[in-house]
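Worth saying up front: this structure is predicted, and the values here are computed from it rather than measured. In what follows, chains are A, B, ... by sequence order, proteins preceding strands, each numbered from 1.
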Amino acid sequence: MPDTVKALARGVAMIAVSLLTAVFLAYLIQQYSIRILDERFKWSNEIVVIIWVCLLFFWGPLLLRKWLARGAEFIAAMLLAAVFLVFLLQIFSRYVLQMPFGWTLELCLILWVWIVFFGCAFVVRQRDQVTFDVLYLAVPKPVRWVFAIIASVSIVLAFAWAFVPTWDYIDWMKMRKTATVRNPLDNAKIPLRSIFMVFTIFMLAVIFRFIHRTIEIVRSGPEVDLVEQDTAEMLKEQEAQS
Amino acid sequence: MSLELILFLIALFSLAAIGTPIGYTILLASLVYLGTAGLDLALAGEKILQGLFNSFILLSVPLFIVAANIMNAGSISDRLLNFCIAVVGRFRGGLGHVNVLASLIFSGMSGSAVADAAGIGKIIIGMMTKDGRFSRGYAAAITAASATIGPIIPPSIPMVLYALVSNTSIGALFLAGIVPGLIMGAVLMIMNYIIATRRGFAMEEPVPLRQLPKTTGQAFPALLMPVILLYGIYGGITTPTEAAAVAALYALLLAGLFYRALSLKKLYSVLVESARASAAVGVVIGGALILNFIVLTENIPAIMSAFLTDLDVHPLVFLFGVNILVLLLGCVLDATTIILVIVPLLIPAARALGIDLVHFGVLVVVNSMIGLITPPYGILLFVINAVTGIPLREIIVEIWGFLAVLVLALIIMILSPGLVLWLPRLFGYAG
């Protein structure tokens, strides 16, 4: 019991600390944009959320091990459950109440976009990815090592290259708003920027993750094959389940 | 072919070859394309986001994944197996037939070959190898072969993906899968009967016929799933996406309340696993959306049709060529990648030759499923090897016969579009 309390306290502390850090970083970015770039980033709320989520679910698990990774899994599972329930609600409204709610379909699509990118950022493990590994598995270990480094470095470079233009596009999407879904707090339509910001979270998380992975691969040297380790881990988990 | 397209293809194939995740590979390669063509890099993100946000069809993918995982976790397999043993266990090669029949029925619920092989397949292999009635390799091989039927009989995630890239009706595709699925089941059973007779495999103790109503009753609700799905779509009651939600709900009620085989904890892990799988597939689908954009920007459909008109190739020759290509690719690529990345390049040509796109879709899906059991890179072989520990070598020795009859079934389907399209036409598909 004390263990659970301790873990819970650590989780709450992590959430609070990362939120404070995110607010602080967002403030710095805003000051930088006003004073040096001479143009104001007007989406500070989203910037806070983006940084916060990245800190929480990327750095969190590195510090606290499994706890926050479980948290990300929980959120993804709940998003999926929500898609399911909202869809059932839609069917109910159309066929039983005979008057469709209208907002249900758009809400499902919003949730689906979040499942894909939040999921890929924090829940999908390397071994869950769809990959073509025939050649990779056929070459000797030192070559695999080089392959793995090239793959992760190119992902980091490409995502970093596309980050600013993509950010601009998503920022611009504040002009467009949802058609039917409204924010329950102020009953206003939601700008697509707030929905699509999950893509910037995804890009940041992928950049961080593959920087981390590159360091891991380089550090462990050509003799350790991370893909083989992943597979061994998966088999162990499967055995533990059955 | 423009320089940026060549660079795009080089980046795509070299990154994919060294084991970069496919979804990210397409994103990276498309950035190379956009960068060298002097286009806005944000187009990649835009195409993915807008595509995922505007496609209602795609919502059925996570829902079908949930339905499949619930069915698999809810251990309804026992009832189904009892039913299958009662029906076909009495014939020569008994459990082999049970295996095929169970796959036929189970695929009507899960729509996933891997779920089929890892779930119900594992149980049947256990039964078949007990007392040494069947050799381990044979049991594993027939399980792998019959699991390929999974995504042919509706519901089927690969067919949803094909509908996305080809703009064909999901409903028509689902209906078109039924006859081919039954044909595949039939050829596998015939093959099993022949081998069983020659090697003298044991028969099961015949289950008395008067027990049949009881076992049928127990399995009946599970048997109803495909019927409900198809009736929902064709009765005009639900859209295919809503049918996916209904399927998931039905699976949940069946496993949770009726069979009482699904605890809350299990349901939670089903949701986590489904979210993981949906996200991993989602990013590849996103990649396919950018790929589609590039195909259109490069005007590939027009080039393809001009090329084919010049070449004056007969549609059948084209179909055989494509099928050999897909069969070869299937040895090294998985079905999702083939359907989302390779097939969009072939669809314009098929359309130009006047090939029916529903017929084409069924052929591609059947073919990429056969790829799942083709050595050396058959994913189903690996899955069965991982869950049962039967050595790959033993499975591969036994798989060739089944592979041959499945290819034979595929050739029949290529030659007779009328057979594949018979059911969809019956329900008003104009093609």
Side-chain angles (χ1 to χ4, degrees), chain A residues 73-74 76-81 83-84 87-88 90-91 94-95 105 108-110 112-113 115-120 123-126 128-137 144 147-148 150-152 154-155 158-159 161-162 165-170 173 192 195-196 199 203 206 227 235 238, chain B residues 15-25 27-28 31-32 34-35 40-46 48-49 52-56 58-59 62-63 66 237-238 241-242 244-246 248-249 268 271-272 274-286 332-334 336-337 376-377 386-387:
Chain A
E73 280 179 359
F74 176 77
M78 288 307 112
L79 287 173
L80 189 57
V83 168
F84 183 36
F87 230 101
L88 291 180
Q90 169 178 318
I91 297 171
R94 183 179 304 169
Y95 300 106
L105 197 55
C108 278
L109 288 166
I110 294 172
W112 162 236
V113 170
I115 289 174
V116 172
F117 294 111
F118 184 84
C120 279
V123 184
V124 175
R125 295 155 301 192
Q126 185 70 18
D128 301 317
Q129 295 279 9
V130 182
T131 37
F132 169 80
D133 54 7
V134 181
L135 183 66
Y136 181 89
L137 294 176
R144 284 187 197 181
F147 277 5
I150 295 176
S152 23
S154 8
I155 290 177
F159 275 64
W161 184 33
T166 310
W167 173 286
D168 280 345
Y169 162 73
I170 290 171
M173 288 309 280
L192 289 191
I195 295 161
F196 287 177
F199 196 72
M203 290 186 89
V206 169
V227 173
L235 287 179
Q238 272 178 357
Chain B
L15 282 170
I18 63 172
T20 320
I22 300 287
Y24 297 164
T25 304
L27 200 64
L28 259 62
L31 288 175
V32 170
L34 295 172
D40 186 2
L41 288 184
L43 270 173
E46 181 185 343
I48 299 186
L49 282 166
L52 289 180
F53 190 57
N54 288 322
S55 178
F56 306 137
L58 282 181
L59 274 177
L63 294 170
V66 171
I237 300 168
T238 57
T241 320
E242 285 171 347
V246 172
L249 178 69
Y268 176 72
L271 282 174
V272 172
S274 308
R276 224 195 283 280
S278 307
V281 174
V283 79
V284 182
I285 296 174
V332 287
L333 291 175
D334 73 307
T336 315
T337 315
Y377 190 65
V387 297

Undergrad: I'd like to know which of B:G282, B:G19, B:P21, B:S274 tops the heavy-atom pair count under 4.5 Å against chain A.
TA: B:P21
Undergrad: Which answer fits B:V66, side chain, backbone, both or neither, if we ask what part of it has an atom under 4.5 Å from a heavy atom of chain A?
TA: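 Interface part for B:V66: side chain.
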Undergrad: Heavy-atom pairs under 4.5 Å with chain A are the metric here; pick the option from B:L58, B:L271, B:V32, B:V281 that has the most.
TA: B:L271
Undergrad: Is chain A contacted by the side chain of B:L63, its backbone, both, or neither, given a heavy-atom distance below 4.5 Å?
TA: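 Answer is side chain: those atoms of B:L63 sit under 4.5 Å from chain A.
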Undergrad: Quick one: closest heavy-atom pair of A:A77 and B:A275, and the distance?
TA: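 Reported closest heavy-atom pair: N-CB, 4.3 Å.
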Undergrad: Give, for atom CG of B:L49 and atom CZ of A:F196, the distance between the pair rounded to the nearest 0.5 Å.
TA: 5.0 Å
Undergrad: Parallel, tilted or perpendicular: which describes the rings of B:Y268 and A:F74, with under 30° parallel and over 60° perpendicular?
TA: tilted
Undergrad: If I measure from the heavy atoms of chain A, does B:L34 come under 4.5 Å with its side chain, its backbone, both, or neither?
TA: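 Answer is neither: B:L34 stays 4.5 Å or more from chain A.
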Undergrad: Go through A:V123, A:I150, A:V206 and name the one with the most non-hydrogen pairs under 4.5 angstrom from chain B.
TA: A:V123
Undergrad: With heavy-atom distances below 4.5 Å as the criterion, would you say the side chains of A:L109 and B:N54 are in contact?
TA: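 When only atoms from C-beta onward are counted, B:N54 and A:L109 do not touch, as no gap falls below 4.5 Å.
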Undergrad: With a 4.5 angstrom heavy-atom cut-off, is it the side chain or the backbone of B:L27 that approaches chain A, or both, or neither?
TA: side chain
Undergrad: Among A:I115, A:L79, A:V83, A:V116, which has the most heavy-atom pairs under 4.5 Å with chain B?
TA: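 Heavy-atom pairs under 4.5 Å are most numerous for A:V116.
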Undergrad: Considering all heavy atoms of both residues, which atom of B:A280 and which atom of B:V283 are nearest to each other, and what is their separation?
TA: O-CG1, 3.5 Å
Undergrad: By a 4.5 Å heavy-atom criterion (distance strictly below it), what part of A:M203 contacts chain B: side chain, backbone, both, or neither?
TA: neither
Undergrad: Need one label for A:I110: side chain, backbone, both or neither, based on atoms under 4.5 Å from any heavy atom in chain B.
TA: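 For A:I110, the contact with chain B is made by backbone and side chain together.
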Undergrad: I'd like to verify something: which residue of A:F117, A:F159, A:Y169 has the highest number of heavy-atom pairs under 4.5 Å with chain B?
TA: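 That would be A:Y169.
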Undergrad: So what's closer than 4.5 Å to chain A heavy atoms on B:V272: side chain, backbone, both or neither?
TA: both
Undergrad: If I measure from the heavy atoms of chain A, does B:L52 come under 4.5 Å with its side chain, its backbone, both, or neither?
TA: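 When you check distances to chain A, atoms from both the backbone and side chain of B:L52 fall under 4.5 Å.
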Undergrad: What part of A:V113 lies closer than 4.5 angstrom to a heavy atom of chain B: side chain, backbone, both or neither?
TA: side chain
Undergrad: Looking only at heavy atoms, which two atoms of B:L28 and A:A158 are closest? And how far apart?
TA: CG-CB, 3.5 Å
Undergrad: Can you name the closest pair of heavy atoms from B:A42 and A:P165 and give their distance?
TA: CB-O, 3.4 Å
Undergrad: Could you have a look at A:L105, A:L192, A:I195 and say which one has the most heavy-atom pairs with chain B under 4.5 angstrom?
TA: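 The answer is A:L105.
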Undergrad: Check whether any side-chain heavy atom of B:Y24 lies under 4.5 Å from a side-chain heavy atom of A:S154, and answer yes or no.
TA: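 A side-chain contact under 4.5 Å is absent here.
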Undergrad: Which residue out of B:G286, B:G45, B:P62, B:G35 racks up the most heavy-atom pairs below 4.5 Å with chain A?
TA: B:P62
Undergrad: Quick check: do B:S278 and A:W112 have side-chain heavy atoms less than 4.5 Å from each other?
TA: yes
Undergrad: Main chain of B:T25, side chain of B:T20: is a donor-acceptor contact present, judged purely on distance under 3.5 Å?
TA: no
